[in-house]
2 protein chains.
Amino acid sequence: MVSQKCQYALRALFELAKRSGLGPTKIAEVAEAQAIPPRFLEVILSQLKHGGFVESRRGAEGGYLLVRPPRGLTVGEVIRFVEGPIGPVGCVTGDPKEHCPLHGDCVFLGMWEKVRGAVSEVYDSTTLQDLVEEDRRRGRRYVPTYAI
Amino acid sequence: MVSQKCQYALRALFELAKRSGLGPTKIAEVAEAQAIPPRFLEVILSQLKHGGFVESRRGAEGGYLLVRPPRGLTVGEVIRFVEGPIGPVGCVTGDPKEHCPLHGDCVFLGMWEKVRGAVSEVYDSTTLQDLVEEDRRRGRRYVPTYAI
DNA sequence: TCCTTTGTCAACTAAACCAATCGGGATAAT
DNA sequence: ATTATCCCGATTGGTTTAGTTGACAAAGGA
């Protein structure tokens with residue numbers, strides 16, 4: 001299960017990816033476009049900034065920008081940063097503090113590994129660019145609003 | 001992430017599967033063999049009983065038995081019973097109360113579906129019998145202890 | 001009959017986690 | 001200076017997890 005927070009993080013990055021090259025986007029805009037509680041989004045974007053995913057501009061006309069090009073940014077990276085290692089159970093995520101009481105000779109291990117592999121494969125092969133393209137394909141090309 | 005409780009449930013059913021046909025197994029035995037806190041296992045087995053996975057015998061020489069043959073019992077069934085529907089996010093588990101604020105036209109949906117499919121496929125194609133066989137293959141054939 | 005062994009059940013709890021919110025501060029553009 | 005925007009730490013309320021407790025019921029043997 002990926003947490004609500006992580007889904008928000010992905011949606012926010014996707015929104016920034018859609019607008020990459022167009023200057024900073026405000027928290028409030030991202031929040032509205034993606035239906036994310038604004039103050040919570042603030043926390044999330046700040047975390048993503050520390051993780052090197054986005055950068056920020058302060059003051060009037062400030063906002064957030066994607067640091068890296070969407071083509072090279074995978075969903076897997078984002079999930080791992082927000083949630084920690086991907087996997088159905090602790091003993092299979094490489095986390096050394098997690099240990100089966102059965103010391104690695106548990107019959108379930110193979111199955112957990114299969115799941116971890118399958119899930120990682122999907123997340124690691126989906127880039128933000130893929131999502132933006134899918135979005136455009138559906139006719140939701142981003143049209144900036146110049147006037148109010 | 002499958003919970004500790006669910007892992008215990010699977011290990012307990014596996015232990016019963018290993019001994020199926022040999023009469024009831026006591027909670028304490030299962031607990032020791034699988035390193036599960038005994039009083040917690042009590043709760044879990046009782047729940048599995050209500051779900052029709054096991055049955056019980058009370059009194060001296062009582063214990064628990066698997067109801068169905070291990071060949072037809074999949075890990076997927078057990079996980080769904082203990083944890084609810086399988087899937088990385090709520091909007092993809094068929095749960096009708098879960099809804100994206102974007103009304104099903106979210107670009108992430110396809111990816112979540114892929115993950116749900118891949119995970120379910122692994123869990124639904126693994127039976128308890130598969131696990132018992134894997135266990136025997138590793139030379140851990142169950143040898144009942146007749147004397148004490 | 002009575003005692004021991006086993007499962008049954010409902011309630012309880014401590015800790016962790018999640019999703020958010022709040023209040024105030026810093027910085028940049030106009 | 002004023003306003004718009006991000007920055008940061010603390011706090012909250014609710015839910016979930018991983019168990020524990022204690023009293024009870026049934027089966028079987030002495």
Side-chain angles (χ1 to χ4, degrees), chain A residues 1-12 15-16 23-32 34-51 53-67 79 82-84 88-90 97-98 100-101 148, chain B residues 1-12 15-16 23-32 34-67 79 82-85 88-90 97-98 100-101 148:
Chain A
M1 269 290 199
V2 0
S3 67
Q4 193 70 3
K5 178 180 178 180
C6 188
Q7 292 180 59
Y8 288 158
L10 287 167
R11 298 224 298 269
E15 193 63 31
L16 295 181
T25 309
K26 301 189 237 302
I27 290 181
E29 280 181 69
V30 176
E32 187 178 17
Q34 291 293 330
I36 303 170
R39 303 285 320 249
F40 194 24
L41 180 56
E42 196 177 303
V43 173
I44 292 164
L45 281 171
S46 155
Q47 190 176 335
L48 289 172
K49 181 183 166 183
H50 285 110
F53 292 91
V54 298
E55 62 184 36
S56 62
R57 298 289 148 78
R58 299 227 262 197
E61 295 310 296
Y64 280 91
L65 304 116
L66 217 52
V67 167
I79 295 183
V82 177
E83 305 262 60
V89 295
K97 76 175 194 336
E98 297 278 0
C100 322
I148 300 250
Chain B
M1 270 290 202
V2 0
S3 67
Q4 194 69 3
K5 178 180 178 180
C6 188
Q7 293 180 57
Y8 289 159
L10 287 167
R11 297 225 297 270
E15 194 63 31
L16 295 182
T25 310
K26 300 190 237 300
I27 291 182
E29 278 182 70
V30 176
E32 188 179 17
Q34 292 293 329
I36 303 170
R39 304 278 334 240
F40 193 25
L41 179 56
E42 197 177 300
V43 174
I44 293 165
L45 281 170
S46 157
Q47 189 176 336
L48 289 172
K49 181 184 167 183
H50 286 109
F53 293 91
V54 298
E55 63 185 36
S56 63
R57 298 289 148 78
R58 301 228 261 197
E61 296 310 296
Y64 279 92
L65 305 116
L66 217 53
V67 166
I79 294 183
V82 178
E83 305 262 62
V89 296
K97 78 176 194 333
E98 297 278 359
C100 322
I148 292 270

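The figures that follow rest on heavy atoms only: side chains count, while hydrogens, waters and symmetry mates do not.
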Check: residues 49-56 of chain B side-chain donor-acceptor pairs under 3.5 Å, at least two apart:
| residue | atom | partner | partner atom | Å |
| --- | --- | --- | --- | --- |
| B/K49 | NZ | B/S56 | OG | 3.1 |
| B/H50 | ND1 | B/S46 | O | 3.0 |
| B/E55 | OE2 | B/R57 | NH2 | 2.8 |

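B/I27 comes within contact range of the sugar-phosphate backbone alone, with a heavy-atom separation under 4.0 Å but no base atom that close.
Interface remark: the A/E42 side chain does form a donor-acceptor pair with the D/dC7 base, using a distance-only criterion of under 3.5 Å. At a cut-off of 3.5 angstrom, the base of D/dC6 holds no donor-acceptor pair with the side chain of A/E55.
The listed nucleotides are C/dG25, D/dT20, C/dG7; the one nearest the side chain of A/R58 is C/dG25. With D/dC7, C/dC9, D/dT20 as the choices, the nucleotide that has an atom nearest any side-chain atom of B/S46 turns out to be C/dC9. Of the candidates C/dC22, C/dT6, C/dC9, the closest approach to any side-chain atom of A/R39 belongs to C/dC22. For B/S56, counting side-chain heavy atoms from C-beta on, the closest listed nucleotide (D/dT5, C/dT8, C/dT21) is C/dT8. Set against D/dT20, D/dT5, C/dT21, the side chain of B/F40 has D/dT20 as its closest nucleotide. Comparing D/dG19, C/dT21, D/dC6 by their nearest atom to the side chain of A/K26 picks out D/dC6.
Positionally, the nearest nucleotide of DNA chain D for A/Y64 lies more toward the 5' end than for the other of B/P38 and A/Y64. Nearest-nucleotide mapping onto DNA chain C: of A/L41 and B/L45, the residue sitting toward the 5' end is B/L45.
One atom, CD of A/E83, and another, C1' of C/dC17, lie 12 Å apart when rounded to the nearest Å. Computed from coordinates, the B/I44 CD1 to D/dT20 P distance equals 11 Å when rounded to whole Å. One interatomic measurement links the two molecules: CD of B/Q4 to P of C/dC17, which rounds to 14 Å at whole-angstrom precision. Nucleotide D/dA26 holds its P atom 16 Å from the CZ atom of B/R57, rounded to whole Å. The nearest whole Å value for the distance from the NZ atom in B/K49 to the C1' atom in C/dC9 is 11 Å. The nearest whole Å value for the distance from the CD atom in B/E61 to the C1' atom in C/dG7 is 14 Å.
At least one side-chain nitrogen or oxygen of B/H50 sits closer than 4.0 Å to the OP1 or OP2 atom of C/dC9. Using a 4.0 Å cut-off, some side-chain N or O of B/Y8 falls inside it from OP1 or OP2 of D/dG19.
For B/K26, the side chain to side chain donor-acceptor pair (under 3.5 Å) test picks out no residue, with sequence neighbours left out.
The two residues A/G23 and A/L65 make their nearest non-hydrogen contact at C-CD2, 3.6 Å.
In this structure, B/T25 and B/E15 have side chains that are not in contact, with every pair of non-hydrogen atoms separated by 4.5 Å or more. A/Y64 is listed as a side-chain neighbour of A/I27, based on a closest heavy-atom distance under 4.5 Å.
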